[in-house]
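Only one structure is covered here, and it is reproduced in the block below.
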Amino acid sequence: MSKDNQHCFHCDLPVPKGIDYSVNIDNVVRSMCCPGCKAVAQAIVDNGLTHYYQYRTDNNNLSRQLVPEELANLDLYDNPAIQKNFVRHSGESNKQAALILEGIVCAACVWLSERHVMQLPGVKSFQVNYSTHRAQVEWDEDQIKLSQILRAITEIGYRAHPLDPKRQEVLYRKERSQSIRRMAVAGFGAMQVMMLAVALYAGDYQGMDVNLERFFRWVSLLITTPVLLYSARPFFIGAWRDLKLRSLGMDVPVALAIAGAYAASFWGTATNSGEVYFDSVTMFTFFLLTGRYLEMMARQRAGRAAEELVKLIPAMAMRIVVNEQEIIAVSDLSEGDIILVKPGESIPADGFICKGTSSVDESLLTGESLPIRYKVGDRVIGGSVNIESALQLEVKAIGQNTVLASIQRLLERAQSEKPRLAKLADKVASRFVFAILLVALSVGLFWWSAGSADAFWIVISVLVVTCPCALSLATPTALTVATGQLTRLGILTTRGHALETLSKVTHMVFDKTGTLTEGKLKLVEVKILLQSNRDECLRIAASLEQFSEHPVAKSILLAYGKTNTHIVSEAQNSPGRGLKGKVNRETFFIGNSNFIREQTQISPEQIKDSRIQVLLATQTDVLAVFQFEDVLRTSSKQTISNLNELGIKTLILSGDRQATVDQLAQQLNISHAIGELSPQQKLDKLNELQSSGAVVAMVGDGINDAPVLSKAQVSIAMGQGTQIAQASADMILLSNDLVHLVDGLHMSRRMQAIIRQNLAWALVYNVIAIPLAAVGWVAPWMAAIGMSASSLLVVMNALRLSNGRLNNTRVNNAGVNRVGIDDPDSQHNQAKQNEGLDLDQRVVSE
Amino acid sequence: MNILYLLIPLGLLLLGIAVWGFMWAVHNGQFDDLEGPAHRILMDDDEPPSVDAPLKDKDK
């Protein structure tokens with residue numbers, strides 16, 4: 001938290017010069033960076049919730065998303081037709097809903113939002129789950145409306161949107177509570193059986209009443225049975241599935257050992273002969289379940305974050321029936337419906353335009369960075385964003401039939417085919433399992449033919465002692481712990497193999513725009529021609545650019561920084577190229593060189609193409625040239641030098657012009673930088689590298705990176721990047737801080753070392769234990785103890801990963817994602833986010 | 001040692017109750033959020049509300 005006045009007290013972003021907003025918090029005047037933060041802080045003060053500032057451990061930076069337009073949209077959630085998808089009735093007028101809360105960064109946020117919402121009359125309960133960032137709200141419909149609750153949440157700087165319960169979350173919850181139950185039954189059972197087992201083992205030495213021994217055995221059987229039938233079920237199901245697919249997974253020997261030991265112990269109990277090993281059965285089950293539970297939690301966390309990222313399709317649509325508009329849920333749309341899509345809204349389904357003309361931003365879907373103009377009769381894709389004017393569409397495809405759905409399916413398929421290393425690991429495991437079964441069988445045959453009565457118990461000993469426990473825990477536990485640590489740093493691992501591969505990476509390939517740079521243009525120079533006045537040129541440019549949504553326009557407006565623009569008449573926007581308009585009865589043109597060439601009478605020689613630039617011209621003369629530069633990420637330089645120190649070769653593959661790329665490479669000290677590459681050429685370069693034996697990690701953010709990302713051994717997408725890039729990535733850098741890549745690398749190497757130690761131990765242990773068990777020197781109880789001790793050792797070793805320090809961890813969250821200050825009108829942030837990425841093309845690509 | 005014939009079934013009964021209690025807790029969502037409550041306990045409203053910022057708090 002900042003103590004000075006240079007940083008916003010609420011969000012800790014720097015306060016821009018000349019900005020003066022402040023709020024009196026607990027009798028101290030604190031400065032704020034923007035009206036958004038001021039409004040939020042004021043709301044917090046007015047509601048007597050200033051404790052928030054004492055409790056918080058991280059800074060809130062979501063207030064900037066407070067947009068009037070969005071507030072208006074909240075009313076739609078009161079519509080019963082929309083509500084029926086996510087609201088449950090829990091009483092006469094009581095309703096319940098689940099919400100996704102965005103912007104929760106620490107426990108104080110939970111406290112703040114709970115307190116604030118509970119103050120509203122009519123809210124029965126409001127509970128925030130800190131782990132999942134989900135909230136449950138119950139309210140009295142007679143006293144308060146859902147939109148008012150959502151608005152109250154927005155007021156204090158968080159964003160809430162209803163969670164469709166049909167989605168993943170319900171499944172997650174079920175999966176979670178089921179495995180906790182299985183674990184509980186196995187755990188309680190194991191403790192009880194162990195207690196009895198100690199008595200039985202002691203009885204073997206000290207002597208024990210025969211009846212008492214029989215009694216203990218029966219009680220153990222009684223406790224073990226539910227553990228076997230309920231807790232161990234997943235292993236049996238897994239083994240059965242493996243066998244049906246004619247492959248051998250870890251589940252097969254596990255199921256065999258559990259079932260075998262149980263059956264034999266059952267026989268021993270029933271006939272009152274031999275030995276019983278119920279303790280091994282329960283303990284084994286419990287250990288394995290614990291490992292799988294931890295793994296599942298990590299997976300769910302990753303899945304949840306991914307779910308939040310996929311918000312392309314809006315929840316509701318405006319349907320037009322006989323000239324009347326009605327709001328319905330998108331899921332209720334059917335083919336042939338006529339819908340109205342206002343500017344700024346996402347298009348809810350695939351369809352044909354039947355009225356209106358507008359440009360549509362399809363960057364999220366197709367990678368086309370500039371909006372495309374569509375007219376009546378054209379087909380538009382659901383999930384793209386309508387930019388300029390209202391459109392009426394006839395719906396052609398919904399749900400699973402849409403283009404968006406098919407892209408998602410393609411990605412899913414690509415993902416399911418991907419992890420080669422995971423497959424390799426499975427193969428090795430399955431061979432190991434096969435070997436164990438073979439050894440157990442031959443050992444059993446040998447002892448049986450030798451006439452030993454203990455043949456069966458020796459087989460069980462072999463199965464239990466070699467039980468791939470240590471082996472099967474060695475990798476997942478280390479993976480899980482490392483994944484969890486990295487998630488805390490803002491690196492989301494979405495594929496199991498990612499960390500493992502990351503540790504072996506030799507080359508790291510970066511995309512330029514949006515990865516090494518922030519993907520936002522900054523006006524760096526205004527070149528004045530013809531003795532015109534610089535300020536006046538800027539003022540005219542800003543006046544014209546008000547009519548454009550293009551990033552260039554935004555950066556010009558930002559550079560101008562004032563509001564006293566000229567009155568522009570007859571403004572005309574040619575999206576992606578330029579604008580023309582009348583200021584003081586004179587016509588001005590602003591745009592890329594092609595646009596100026598076409599529109600004016602200026603002789604073409606006077607217009608030079610150079611770096612990223614925009615020209616301001618009258619009918620006859622060029623007045624000024626605006627130069628732009630993409631801002632370098634603050635962390636890029638440090639990251640590259642750290643990577644070089646670690647001996648990793650860094651490369652840039654970019655679609656941008658060679659000169660720009662070279663300049664950047666020089667700044668960052670990267671030796672290999674290749675520009676002007678199409679996605680296909682990027683892929684070819686990557687293939688070249690890979691065929692020369694390199695293990696490549698690709699860091700990218702745009703659509704054009706998606707194919708390369710899925711081809712690289714490890715792919716890392718930026719958190720700000722497009723969803724498609726994220727969907728094809730193995731890891732997502734949520735923090736957008738490249739330095740965390742280095743942390744990730746360190747972590748992956750440490751993890752790899754731990755996995756190696758674990759596997760080495762498992763190997764040594766098995767090499768010693770298997771022959772001993774095969775010879776018959778190890779009783780099943782010893783095998784069980786040996787196995788448990790061994791797996792405990794492995795787990796403890798893996799847990800060492802969680803208390804290590806990370807070199808580059810920085811407290812600076814404020815450097816991340818500073819859209820808010822740079823960008824006074826953040827209305828279209830969501831829609832526009834990606835336009836900035838390839839925007840150089842507006843000026844360069846001709 | 002005959003007392004064991006009573007004590008062990010009694011132990012089983014307790015085990016049953018414990019398992020049942022655990023199931024109930026899981027069903028009630030006690031295990032849904034394992035991080036939040038640890039922080040929540042540290043935040044309370046013991047301090048009297050300041051004079052210039054009156055609490056609009058309804059009585060709960």
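Just so we're on the same page: letters track the sequence lines, and every chain starts at 1. In this text, all values refer to a predicted model and were calculated from it rather than measured experimentally.
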Worksheet item: Considering residues, nucleotides and ligands other than A/Gln127, do more than 12 of their heavy atoms fall under 6.0 Å from its CD?
Response: no
Below 3.5 Å, can you tabulate the donor-acceptor pairs from side chains in residues 216-224 of chain A to any protein atom, sequence neighbours excluded?
unit_1	atom_1	unit_2	atom_2	d
A/Arg217	NH1	A/Gly268	O	3.4
A/Arg217	NH1	A/Ser273	O	3.4
A/Arg217	NH2	A/Gly274	O	2.9
A/Ser220	OG	A/Phe216	O	2.9
A/Thr224	OG1	A/Ser220	O	2.6

Worksheet, complete the sentence: Those residues of residues 186-195 of chain A that come under 4.5 Å of chain B on a heavy-atom basis, listed by number, are A/Phe188, A/Gln192
Worksheet entry | Inter-chain contacts: residues 208-215 of chain A against chain B, heavy atoms under 4.5 Å | A/Asp209, A/Asn211, A/Leu212, A/Phe215
Fill in: Distance in Å, B/Phe22 CZ paired with A/Arg181 CZ, rounded so as to fall on 0.5 Å steps
10.0 Å
Fill in: chain A contact via B/Leu12 - which portion, at a heavy-atom distance below 4.5 Å
side chain
Fill in: Heavy-atom pairs under 4.5 Å with chain A, option from B/Leu4, B/Asn2, B/Val19, B/Leu15 with the top count
B/Leu15
Worksheet item: Which distance, rounded to the nearest 0.5 Å, do you find between the OG of A/Ser177 and the CE of B/Met23?
Response: 10.0 Å
Discussion item. Can you list everything that forms a side chain to side chain donor-acceptor pair (under 3.5 Å) with A/Glu114? Sequence neighbours excluded, please.
Written reply: B/Arg40
